[in-house]
2 protein chains.
Amino acid sequence: MATAMNTIRDQDLVELLRARGHRVTSQRLVILRELRRRATHCTAEEIHAAVRESLPGTATPTVYATLDLLVDLGLVRRIDAGGPALYDARVEPHQHAVCRGCGGVYDVDGRLHAEPLLRAAREAGFNPDGAELIISGLCERCAGQTRESA
Amino acid sequence: MATAMNTIRDQDLVELLRARGHRVTSQRLVILRELRRRATHCTAEEIHAAVRESLPGTATPTVYATLDLLVDLGLVRRIDAGGPALYDARVEPHQHAVCRGCGGVYDVDGRLHAEPLLRAAREAGFNPDGAELIISGLCERCAGQTRESA
DNA sequence: ATTGGTGCAAATCCTTTGCAATAGC
DNA sequence: GCTATTGCAAAGGATTTGCACCAAT
């Protein structure tokens, strides 16, 4: 089922699964591929719809379980931005901006410098392994509408 | 209904509501007071239970609507940490750490320096008005259990 | 007197659970 | 063959909606 093009990209998932004693299943491969194909965050539902095309029988709980696993393996970021959870396989350092008006989520490129806070967490007995920044505000369109209606 | 002690603290809410053309209701006062009394983040459900004691008939949708409004007014922070939304009226600069194991949310004192990212967002046409950092990892207890079971 | 807020009931949305069948090791 | 993973159906929990009544301005 794996094409030559995808084999290289699938490699890291296969190795991580084996290393952790998990099984390599087509659902897992297809779901990660789908997340990587779209270079943006998407919901479990969107992934489910896309995955159905290559793997018609795929069930909702499988999608959720797999997304959880991919997050655990560190291959996917989970973004909690108020609505349904978003999943993101984009690897470049970037954060997310959420519009208070329309709920849209936008990428903001740039590295997050949270070392002092991670250190503070560590000193308080917490073992951090990552951090997510959510910027909130108004997107261009919603800011414009607010101004017009005021 | 307002006691002398609370009047001072309620003042900012009353003024903000008036300024924005909203009405001053006892539900709004009581919900904000409750959030301020507990110096930690809590769920809508917890607030609801607490508010029922002084305002027995209070309905779920009222609690949600009021919390939304308080967040809009900038008096309360909303924290999306994977489970039910948390609301926090603590004013000292601090962020939150969420345990992957038990889901617990802990305060991490310290100011967040996200100016470069906020600037990047602004340059991309977004109008930021705040940012929330969620640190993820394992709390002391869960980290211990993982080690034991390994 | 107006109309924004509230309470109630019910709906909706997202996510998880329980269990039998399947497929990876 | 053993057991993790899957699919299916259904439950569960959080939040929102629609509408009638109430109460702040």
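Convention: sequence-line order gives letters A, B, ...; per-chain numbering from 1.
Atom CD1 of Ile47(B) is separated from atom P of dA14(D) by 15 Å (rounded to the nearest Å). In this structure, Leu55(B) places its CG atom 12 Å from P of dA23(D), rounding to the nearest Å. The nearest whole Å value for the distance from the CD1 atom in Ile31(A) to the C1' atom in dG7(D) is 13 Å. Straight-line distance from the CZ atom of Arg20(A) to the C1' atom of dA4(D): 16 Å, rounded to whole Å. Rounded to an integer number of Å, the gap from CD of Glu45(A) to P of dT16(C) is 13 Å. The separation between Leu86(B) atom CG and dT15(D) atom C1' is 14 Å, rounded to whole Å. Atom pair Arg28(A):CZ and dA4(D):P shows a separation of 11 Å (rounding to whole Å applied). Note: CG (Asp80(A)) to C1' (dT15(C)) measures 12 Å, nearest angstrom.
Residue contacts shown for Ala85(A) are limited to sugar-phosphate atoms, with no base heavy atom under 4.0 Å away. Contacts of Pro84(A) with the nucleic acid, taken as non-hydrogen atoms under 4.0 Å apart, involve only primed sugar atoms and P, OP1 or OP2.
When distances run from any side-chain atom of Pro61(B) to the nucleotides dT6(D), dT17(C), dA9(C), the shortest one goes to dA9(C). Among the nucleotides dT25(D), dG7(C), dG7(D), the one closest to any side-chain atom of Thr58(B) is dG7(C). Of the candidate nucleotides dG7(D), dC8(D), dT6(C), dG7(D) has the atom lying nearest to any side-chain atom of Thr62(A). The nucleotide whose nearest atom lies closest to any side-chain atom of Val24(A) is, among dT16(C), dC8(C), dC25(C), dC25(C).
The pair Arg90(A)-Asp109(A) meets the salt-bridge criterion, with a side-chain N (NZ, NE, NH1 or NH2) lying under 4.0 Å from an Asp/Glu carboxylate O. A salt bridge does not link Arg18(B) with Asp12(B): every distance from a Lys NZ or Arg NE/NH1/NH2 to an Asp or Glu carboxylate oxygen is 4.0 Å or more. Looking at Arg36(A) and Glu34(A), no side-chain N of the basic residue comes within less than 4.0 Å of a carboxylate O on the acidic one, giving no salt bridge.
Look at Thr25(A) and you'll find a side-chain N or O under 4.0 angstrom from OP1 or OP2 of dT6(D). An OP1 or OP2 oxygen of dG5(C) is reached within less than 4.0 angstrom by a side-chain nitrogen or oxygen of His22(B). Between Gln27(B) and dA23(D) there is no side-chain N or O to OP1 or OP2 distance below 4.0 Å.
In this structure the side chain of Leu133(A) never reaches within 4.5 angstrom of the side chain of Glu132(B), judged on heavy atoms.
Looking at which nucleotide of DNA chain D each of Tyr64(B) and Arg18(B) is closest to, the 5′-most match is held by Tyr64(B). Heavy-atom distances to DNA chain D give each of Thr43(B) and Val63(A) a nearest nucleotide, and the one nearer the 5′ end belongs to Val63(A).
Within a 6.0 Å radius of CD in Gln11(A), other residues, nucleotides and ligands contribute more than 12 heavy atoms.
Not a single donor-acceptor contact under 3.5 angstrom links the side-chain atoms of Arg23(B) to the base of dG5(C).
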